[in-house]
Amino acid sequence: MIPYDYDLFVIGAGSGGVRAARMAAGLGVRVAVAENRYLGGTCVNVGCVPKKLFVYAAHFHEDFKAAPGFGWTLTEPQFSWQHLRAQKDQEITRLQGIYGNLLAGSGVTVINGQAQVIDAHTVSIAGQHYRCERILIATGGWPDVPAFPGSEHVVTSNEMFALEALPKRLLIVGGGYIAVEFAGIMHGLGVETTLCYRGDKLLRGFDEDIRDFVAQEMQKKGLRIVFNTDIERIEKTAEGLVAQTKQGQTLTADLVLYATGRSPNTAGLGLAEAGVALDKRGAVIINDGYQTNVPSIYALGDVTHRFSLTPVATAEAMALVNLLYTDQRSPVDYDHIPTAVFCQPNVGTVGLSEAEARRRYDDIVIYKSVFTPMKHTLSGLGEKTLMKMVVRRSTDQVLGLHMVGAEAGEIIQGMAVALRAGATKAVFDSTLGIHPTAAEEFVTMRKPVGE
């Protein structure tokens with residue numbers, strides 16, 4: 001038999017791929033990682049990390065507006081997009097170096113270039129063939145722009161992180177995480193922003209109260225949202241980019257961001273040619289053990305188009321390595337995945353929405369609180385916070401926790417632990433709050449909605 005060059009060959013050095021490679025190498029497995037763009041993948045380079053840095057930057061706009069309510073007298077603040085971008089680039093470069101050092105320190109071989117799967121045990125990069133006992137596909141997702149007249153004039157989230165200058169007017173098309181987050185970022189940085197969505201509510205899949213409340217708070221801040229609107233074509237004119245909608249509207253901007261979804265990043269990998277089954281979107285089809293129909297080839301993370309979140313990819317990586325190379329089993333619990341949307345105000349959620357809970361059970365009770373957070377009693381900004389708890393009456397078990405408000409992600413992360421532990425409403429009620437905080441509202445809600 002021809003000996004293998006590597007026991008595990010990982011294609012993609014994003015969060016999932018790097019975690020799998022490092023863990024496996026630490027167990028003595030001979031591992032290589034191929035990456036054709038940048039170490040750290042989408043999250044580090046054009047996703048979670050730079051996005052959150054931009055969110056922080058955008059929020060200073062409101063902090064400056066709030067300052068006089070607390071006795072501060074300020075001169076007119078000045079913002080430099082070029083400085084922010086340079087600072088962001090410096091941080092990303094630092095993180096890329098950390099990823100490289102972690103891989104090298106673990107004994108993982110990093111190969112730069114576009115990988116192509118030739119067969120069940122062979123990967124080719126720049127004409128060099130590598131024989132591998134197992135192959136792991138962890139190439140993530142890629143922004144997806146639908147084909148329509150003028151689509152060549154739009155940008156995706158990838159380009160937003162490297163703009164030479166901010167536009168005066170921005171049109172964002174979409175209603176999910178990326179669209180809503182960039183709307184808040186750009187509006188906060190002083191860009192005249194319009195968010196255009198084909199549906200009647202933002203953030204499909206979230207609790208209905210959350211969806212309504214987010215739109216309400218965003219619009220209160222002066223951000224324009226146009227619902228039930230489809231872009232038909234975009235033309236480049238002397239006045240800017242002119243978008244014509246199927247509903248007969250005309251929307252003009254200097255830049256158009258399409259944030260209408262991401263597709264599995266499988267183009268050019270040779271997977272179909274190697275016999276790996278893909279779905280109609282190009283996602284790699286896997287079983288419960290992350291194995292494809294080709295037994296030696298595996299996949300995880302966004303490329304499988306199941307749960308497109310960084311912590312899910314890293315958890316799947318750990319589960320797969322344990323499955324393949326240890327006697328431990330650490331299956332990922334997909335039922336209680338906490339998530340946050342870093343719009344302004346933030347969204348944090350874990351567990352079942354009210355609608356999901358009512359589809360499963362017939363004895364659901366809802367607790368909900370809408371209030372002015374303490375900061376905004378003096379800020380003059382008028383921002384509200386929403387907290388919601390979904391409980392099953394017969395068991396008293398808390399099934400879902402949802403929040404819109406400052407630091408919602410930070411608060412819901414802790415609540416996710418309680419939810420996974422099976423906490424009941426009685427446990428929440430018996431827990432002392434930290435006063436004065438917004439988070440204490442989750443342990444002081446006593447009266448169900450409608451009772």
Side-chain angles (χ1 to χ4, degrees), residues 38 42-67 74-93 143 145 150-197 202 214-215 217-226 231 234-243 250-260 262 341-346 381:
Y38 26 56
T42 294
C43 183
V44 167
N45 295 277
V46 287
C48 322
V49 172
K51 178 259 316 266
K52 189 72 179 291
L53 294 175
F54 283 3
V55 169
Y56 286 135
H59 213 282
F60 277 97
H61 174 80
E62 288 195 339
D63 288 341
F64 291 136
K65 287 177 65 176
L74 304 177
T75 57
E76 186 65 28
Q78 299 294 318
F79 171 69
S80 169
W81 167 253
Q82 286 72 25
H83 182 76
L84 173 61
R85 192 185 62 189
Q87 290 286 91
K88 178 268 298 181
D89 290 342
Q90 181 177 327
E91 174 61 9
I92 299 310
T93 299
V145 176
S151 62
E152 68 274 14
H153 301 309
V154 311
V155 300
T156 70
S157 56
N158 286 355
E159 291 77 50
M160 291 297 293
F161 293 105
L163 295 175
E164 288 300 319
L166 290 181
K168 180 180 179 182
R169 300 165 298 176
L170 173 66
L171 173 62
I172 301 176
V173 182
Y177 285 80
I178 296 172
V180 170
E181 289 173 338
F182 265 110
I185 290 169
M186 291 294 122
H187 176 71
L189 296 181
V191 177
E192 183 184 315
T193 303
T194 299
L195 181 58
C196 172
Y197 184 48
L202 303 173
V214 165
E217 290 299 308
M218 290 174 69
Q219 289 169 315
K220 277 168 54 178
K221 296 175 186 293
L223 203 154
R224 183 187 180 197
I225 304 177
V226 183
I231 302 297
I234 294 177
E235 299 172 351
K236 191 172 186 179
T237 73
E239 299 300 316
L241 297 175
V242 179
T250 298
L251 304 171
T252 304
D254 304 302
L255 185 70
V256 178
L257 163 63
Y258 252 73
T260 52
R262 295 171 65 85
V341 185
F342 294 104
C343 49
Q344 298 175 41
N346 293 176
L381 299 183

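For the numbers below, each heavy atom of this structure counts, side chains included, while hydrogens, waters and symmetry mates do not.
Checking Phe342, Trp81, Phe60 one by one against Phe54, the ring pair (Phe, Tyr, Trp, His ring centres under 6.0 Å) holds for a single residue, Trp81. Between Lys221 and the choices Gln344, His61, Glu62, the side chain to side chain donor-acceptor pair (under 3.5 Å) rule is met once, by Glu62.
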Check the pair Val191 / Leu255 against side chain to side chain contact (heavy atoms under 4.5 Å, CB included), numbers first and verdict last. CA-CA 10 Å; Val191 177; Leu255 185 70; over 6 Å; no
Passes side chain to side chain contact (heavy atoms under 4.5 Å, CB included), Met186 versus Leu257? Steps please. CA-CA 11 Å; Met186 291 294 122; Leu257 163 63; over 6 Å; no
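Among residues at least two apart or in separate chains, salt bridge (charged side-chain N to carboxylate O under 4.0 Å, His left out) pairs with a member in residues 166-190 are Lys51-Glu181, Arg169-Asp254.
With hydrogens and angles ignored, the 3.5 Å screen pairs a side-chain donor or acceptor of Lys88 with a backbone N or O of Phe161. Between the side chain of Gln82 and the main chain of Glu164, a donor-acceptor pair closer than 3.5 Å is present. Judged by distance alone, with hydrogens and angles left aside, the side-chain atoms of Asn346 form a donor-acceptor pair with the main-chain N or O of Cys343 at under 3.5 Å.
Taking 4.5 Å as the limit, some side-chain heavy atom of Leu202 sits within range of a side-chain heavy atom of Leu195. Between Val256 and Ile234, some side-chain heavy-atom pair lies under the 4.5 Å cut-off. Under the 4.5 Å side-chain criterion, counting only non-hydrogen atoms from C-beta, Thr193 is not in contact with Phe182. The side-chain heavy atoms of Val46 and Ser157, taken from C-beta on, include no pair separated by under 4.5 Å. Looking only at side-chain heavy atoms (C-beta outward), Met160 and Ile185 stay at 4.5 Å or farther from each other. Side-chain contact between Leu166 and Phe79 is present, with at least one heavy-atom pair separated by less than 4.5 Å.
From Thr237, atom OG1 reaches atom NE2 of His153 across 9.5 Å, with rounding to the nearest 0.5 Å. Taking OG from Ser80 and CG from Leu189, the interatomic distance works out to 11.0 Å, rounded to the nearest 0.5 Å. In this structure, OG1 in Thr194 is found 7.5 Å from CG in Leu223, a value given to the nearest 0.5 Å. Here the straight-line distance linking atom SG of Cys196 with atom CG of Leu251 works out to 6.0 Å at 0.5 Å rounding. Note that CD1 of Ile92 and CZ of Arg85 are 13.5 Å apart. Values are rounded to the nearest 0.5 Å. Atom-to-atom distance recorded for Leu84:CG and Leu53:CG is 8.0 Å, nearest 0.5 angstrom.
Every residue meeting the side chain to side chain donor-acceptor pair (under 3.5 Å) condition with Thr156, not counting sequence neighbours, appears here in chain and number order: Glu159. Not a single ring-ring contact (aromatic ring centres under 6.0 Å, His included) links Tyr197 to another residue, sequence neighbours left out.
In terms of heavy-atom proximity, Leu170 sits nearest to Pro167 at CB-CG, 4.2 Å. Between Gly175 and Val180, the closest heavy-atom pair is O-CG2, 3.8 Å. Of all heavy-atom pairs between Cys43 and Pro50, the closest is O-CD, 3.6 Å. Thr260 approaches Val173 most closely through the heavy-atom pair CG2-O, 3.6 Å.
In this structure, Lys220 places its NZ atom where more than 12 heavy-atom neighbours from other residues, nucleotides or ligands lie under 6.0 Å away. For Glu239, the CD atom is loosely surrounded, since the number of other residues' heavy atoms within 6.0 Å does not exceed 12.
Ion pairing of Glu192 with Arg224 is absent here, as no side-chain N (NZ or NE/NH1/NH2) approaches a carboxylate O to less than 4.0 Å.
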